[in-house]
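What follows is one structure encoded as structure tokens, with my remarks underneath.
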Amino acid sequence: MKSLETSVKELLASFDEMSHLLTDDLKTLNQFDLTPQSETYLLFCIEKGPVTAIEIAREFGVSKSAVSQVVARLEKDRFIEREQNPENKRETIIYLGPKGRMFARRIKDFHEKMVNDYYIHISQPEIEQMVRSLRKLNGIIREKKNTSRQAIPVQPSKDSLQ
């Protein structure tokens, strides 16, 4: 029987091998030259859009100002567009811009290729098992990250001391 350490090493090696094998398939996405954080926020906008910066901040557990910096870069590069919410003037709604729509189309094409060329060869029960395992792992990661954020003491700002 394999040890947990051996199984985990095999899993990580399999992820690395898959990443290497998909390098050519991912070139169409890599040309957008997005940072991992920008790509993550853009994918969230594609999936949930239109969204607000507050929704992004809540989803990823970061400050609104951190989101604003990334959103400003995405807007400058035409991945997103911002518009004042007519129902709440203090809120800005984030939509996909021209490059964001192009990125979304490329993501859709990549997903279709994955289904048509690769996933079609895996049984539905095997796919369902992978989904269950990855959801469980994501839940554990999310819980650990939330726990570690709560453990970090918050330093009072200079404004709150005055």
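Heavy atoms of other residues, nucleotides or ligands lying less than 6.0 angstrom from NE2 of His20 number 12 at most. Within 6.0 Å of atom CD in Gln124, 12 or fewer heavy atoms from other residues, nucleotides or ligands are found, so the atom counts as exposed in its surroundings. Under a cut-off of 6.0 angstrom, the local environment of CD in Glu5 is sparse, with at most 12 non-hydrogen atoms contributed by other residues, nucleotides or ligands. By the neighbour-count criterion of 12 heavy atoms within 6.0 Å, atom CZ of Arg78 is sparsely surrounded, having that number or fewer from other residues, nucleotides or ligands. Within a 6.0 Å sphere centred on CD of Glu128, other residues, nucleotides and ligands contribute more than 12 heavy atoms. Under a cut-off of 6.0 angstrom, the local environment of OH in Tyr119 is sparse, with at most 12 non-hydrogen atoms contributed by other residues, nucleotides or ligands.
Two residues are said to be in side-chain contact when any heavy atoms from C-beta on lie closer than 4.5 Å; Leu96 and Leu42 meet this criterion. Contact of the Thr92 side chain with the Asn85 side chain is not registered, since no non-hydrogen atoms from C-beta on lie closer than 4.5 Å. Counting only heavy atoms from C-beta outward, the side chains of Cys45 and Ile56 approach each other to under 4.5 Å. In this structure, Thr28 and Phe110 have side chains that are not in contact, with every pair of non-hydrogen atoms separated by 4.5 Å or more.
Nearest heavy atom pair, residue Leu34 against residue Ser38, reads CD2-CB, 4.1 Å. Among all heavy-atom pairs drawn from Ile94 and Ala53, the shortest one is CD1-N, 3.7 Å. Smallest separation of non-hydrogen atoms from Pro50 and Glu55: O-OE1, 4.3 Å. Considering all non-hydrogen atoms of both residues, Lys99 and Asp77 come closest at CD-O, 3.0 Å. Of all the heavy atoms in Phe44 and Glu59, the pair that sits closest is CE1-CG, 3.5 Å.
To the nearest 0.5 Å, the span separating CD1 on Ile107 from CD on Glu47 amounts to 11.5 Å. Atoms CG and NZ, from Asp25 and Lys27 in turn, are 10.0 Å apart once rounded to the nearest 0.5 Å. Rounding to the nearest 0.5 Å gives a distance of 8.0 Å between OG of Ser7 and CE of Met1. Here the straight-line distance linking atom NZ of Lys64 with atom OG1 of Thr52 works out to 8.5 Å at 0.5 Å rounding. A distance of 13.0 Å separates CG in Leu137 from CZ in Arg135, rounded to the nearest 0.5 Å. The CD1 atom of Ile54 lies 8.5 Å from the CZ atom of Arg90; values are rounded to the nearest 0.5 Å.
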Check: Stepwise, does the side chain to side chain contact (heavy atoms under 4.5 Å, CB included) test hold for Lys136 with Arg132?
Finding: CA-CA 6 Å; Lys136 183 175 183 177; Arg132 282 191 300 275; over 6 Å; no
Next item on the list: In sequence, state the C-alpha distance, the side-chain angles, and the governing distance for Arg106 and Asp109, and then conclude on salt bridge (Lys or Arg N to Asp or Glu O under 4.0 Å).
Entry: CA-CA 5 Å; Arg106 299 271 174 86; Asp109 292 345; 5.5 Å; no
Checklist line | side chain to side chain contact (heavy atoms under 4.5 Å, CB included) between Ile127 and Met130, worked out | finding: CA-CA 5 Å; Ile127 290 173; Met130 283 192 283; 4.2 Å; yes
Note to self: For Phe79 and Ile46: C-alpha separation, side-chain torsions, deciding distance, then whether side chain to side chain contact (heavy atoms under 4.5 Å, CB included) applies.
What the structure shows: CA-CA 10 Å; Phe79 284 99; Ile46 291 167; over 6 Å; no
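When the side chains of ILVMFWY residues are joined at heavy-atom separations under 4.5 Å, either directly or via intervening members, Phe60 and Ile140 end up in two distinct hydrophobic clusters. Hydrophobic clustering (side-chain heavy atoms under 4.5 Å, transitive across Ile, Leu, Val, Met, Phe, Trp, Tyr) keeps Val67 apart from Ile93. A single hydrophobic cluster is seen to contain both Val131 and Leu11, as judged by linkage of ILVMFWY side chains at heavy-atom distances under 4.5 Å, directly or through other members. Note on Val8 and Leu134: separate hydrophobic clusters, where clusters join Ile, Leu, Val, Met, Phe, Trp and Tyr whose side-chain heavy atoms are under 4.5 Å apart, directly or indirectly. Leu43 is not connected to Tyr95 by any chain of hydrophobic side-chain contacts under 4.5 Å among Ile, Leu, Val, Met, Phe, Trp and Tyr, and they are in different clusters.
Of the possible polar contacts, none joining the Arg82 side chain to the Glu75 backbone as a donor-acceptor pair under 3.5 Å is found. Judged by distance alone, the side chain of Ser133 and the main-chain N or O of Gln129 form a donor-acceptor pair under 3.5 Å. Between the side chain of Thr6 and the backbone N or O of Lys2, no donor-acceptor pair lies under 3.5 Å. Side-chain atoms of Glu126 come within 3.5 Å of backbone N or O of Ser123 as a donor-acceptor pair.
In summary, the side chains of Ser65 and Ser68 do not present any donor paired with an acceptor at a separation below 3.5 Å, with no hydrogens or angles considered. Under the 3.5 Å distance criterion, with hydrogens and angles disregarded, no donor-acceptor pair is assigned to the side chains of Glu39 and Thr35.
Ring geometry, Phe32 versus Phe103: the interplanar angle exceeds 60°, so the pair is classed perpendicular (tilted spans 30 to 60°).
Considering Leu21, Leu22, Asp16 in turn, Leu22 is the only one that fulfils the side chain to side chain contact (heavy atoms under 4.5 Å, CB included) rule with Met18.
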